[in-house]
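A short worksheet on the structure shown next.
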Number of protein chains: 2
Amino acid sequence: MARWQPNASERLILAALELFEERGYENTTVIEIAERAGLTKSTFFRHFPDKREVLFGGDTMAGLLAKGIAEAPATATPLDAVAHALDVVGKEVFTPDRREFAARRLAVIAAHPELQEREALKGLGLTASMADALTRRGVPGLTASVAAQLGALAMKIAYERWSATTGGDDFGELARQTITDLRAAGTLC
Amino acid sequence: MARWQPNASERLILAALELFEERGYENTTVIEIAERAGLTKSTFFRHFPDKREVLFGGDTMAGLLAKGIAEAPATATPLDAVAHALDVVGKEVFTPDRREFAARRLAVIAAHPELQEREALKGLGLTASMADALTRRGVPGLTASVAAQLGALAMKIAYERWSATTGGDDFGELARQTITDLRAAGTLC
DNA sequence: GATCTGATGGGACTTGGTCCCATCACCATA
DNA sequence: TATGGTGATGGGACCAAGTCCCATCAGATC
């Protein structure tokens with residue numbers, strides 16, 4: 001059992017996903033996850049602050065969305081800027097090779113309230129980040145909030161659509177389509 | 001120490017709120033909450049499924065919102081129906097005598113991520129409940145989702161405004177005003 | 001080969017949460 | 001008065017999550 005094998009985090013993530021699929025989240029112990037990854041409980045908590053977080057890699061998304069919104073052309077409407085940000089996310093994070101993982105991850109989350117709770121919190125963070133980036137573009141507060149909220153909804157829907165495709169579909173395109181759908185739906189409110 | 005004193009749940013809730021204010025959420029033990037309420041750990045978990053839930057009374061809100069939406073006049077637009085539901089909630093739950101408690105509760109939640117996480121989950125539940133009630137009115141899926149999302153945002157903002165007032169303000173009115181604001185903001189997206 | 005650095009192992013400890021059983025208050029009935 | 005039933009509570013054993021601290025080991029550097 002050689003120490004020092006690379007990709008400890010990745011191994012832990014995969015081990016956790018597999019075990020959650022096999023026995024469910026609450027029937028899986030952190031120690032078991034660590035063991036399957038050839039590591040120990042101590043090391044697990046050195047890589048992730050808690051058991052849930054193992055399925056919610058880093059907080060890079062918030063910064064990426066903010067960057068994408070800031071970089072959108074000055075003439076873009078708030079929702080256009082959000083669409084641009086989702087395009088960036090699609091190119092840098094939701095790449096085709098991660099599609100299958102996303103689908104498995106979504107299925108596990110859907111089956112366990114504790115994980116949904118964490119996802120909801122992450123969603124709040126992303127919404128706040130987008131709203132913040134929009135106000136820095138000069139968008140008035142409430143409008144920024146609404147656009148960010150719709151953006152978060154669009155991202156969620158697009159993520160589900162993307163992970164459910166058989167492959168080949170670009171996340172950015174799906175997101176853009178989703179936003180136009182939401183825009184149409186919003187006028188009926 | 002007479003057993004059988006009434007209002008065990010209320011006493012636990014108040015004790016928890018006080019302790020969270022005094023020492024913070026993570027520096028407060030369930031045993032301490034129970035002791036201040038003149039009860040024990042066992043009894044605490046008999047009244048609440050976990051430590052967080054003590055600040056998130058029951059799940060009556062979802063049903064109330066659904067009822068309010070269902071009862072709205074047939075001519076009402078989706079957002080109008082939501083406004084009607086928020087009015088119902090204002091009359092049955094967010095009554096003036098609970099305003100001060102709401103303010104203290106919000107302050108505590110804002111200071112502790114674990115509590116924000118639970119609130120985020122509750123928000124998801126309410127959104128889903130509203131979207132569901134809207135589709136039962138014949139509103140198409142995506143439109144229902146958008147209206148529910150905006151409704152949840154309106155409720156959150158109105159709740160903050162309401163709890164921050166010095167008193168006398170009606171939650172339903174605040175919510176209605178908030179929805180008008182959001183509608184205006186939405187057209188700028 | 002000695003040393004330094006950083007990731008890992010391991011164990012003690014606290015707390016959240018579950019489970020099970022004993023105990024007590026209150027009520028009804030004889 | 002007593003007797004039994006019901007439901008809420010007390011209490012303790014137990015497991016898993018998460019924290020802390022220290023020992024250990026691999027690899028790089030000199």
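Order of the sequence lines fixes the chain letters, A, B, ..., with proteins taken first and strands second; residue numbering starts at 1 for each chain. Basis for what follows: all heavy atoms, side chains included, without hydrogens, waters or symmetry-related copies.
Phosphate contact (OP1/OP2 of dG10(D), side-chain N/O of Thr40(B), threshold under 4.0 Å): present. The shortest distance between the side-chain N/O atoms of His47(B) and the OP1/OP2 oxygens of dT9(D) is below 4.0 Å. Between Thr29(B) and dT14(C) there is no side-chain polar atom (N or O) within less than 4.0 angstrom of OP1 or OP2.
Straight-line distance from the CG atom of Leu12(A) to the P atom of dA17(D): 14 Å, rounded to whole Å. Straight-line distance from the CD1 atom of Ile31(B) to the P atom of dG11(D): 11 Å, rounded to whole Å.
Lys51(A) forms no cation-pi arrangement with Phe45(A), by the criterion of a distance under 6.0 Å to the ring centre and an angle within 45° of the ring axis.
For Ala8(B), the side-chain atoms get nearest to dT9(D) when compared with the rest of dT9(D), dG16(C), dT19(D).
Counting non-hydrogen atoms under 4.0 angstrom, Thr43(A) reaches the backbone sugars and phosphates but no base. Across all strands shown, Thr28(A) has heavy atoms under 4.0 Å from sugar-phosphate atoms exclusively, and none from any base.
Side-chain contact check for Thr77(B) and Arg183(B): at least one donor-acceptor pair (N or O, by modelled atom type) lies under 3.5 Å.
Surrounding CD of Glu100(B) are at most 12 heavy atoms belonging to other residues, nucleotides or ligands under 6.0 Å away.
A salt bridge links Glu53(A) with Lys122(A): at least one charged nitrogen is closer than 4.0 Å to a carboxylate oxygen.
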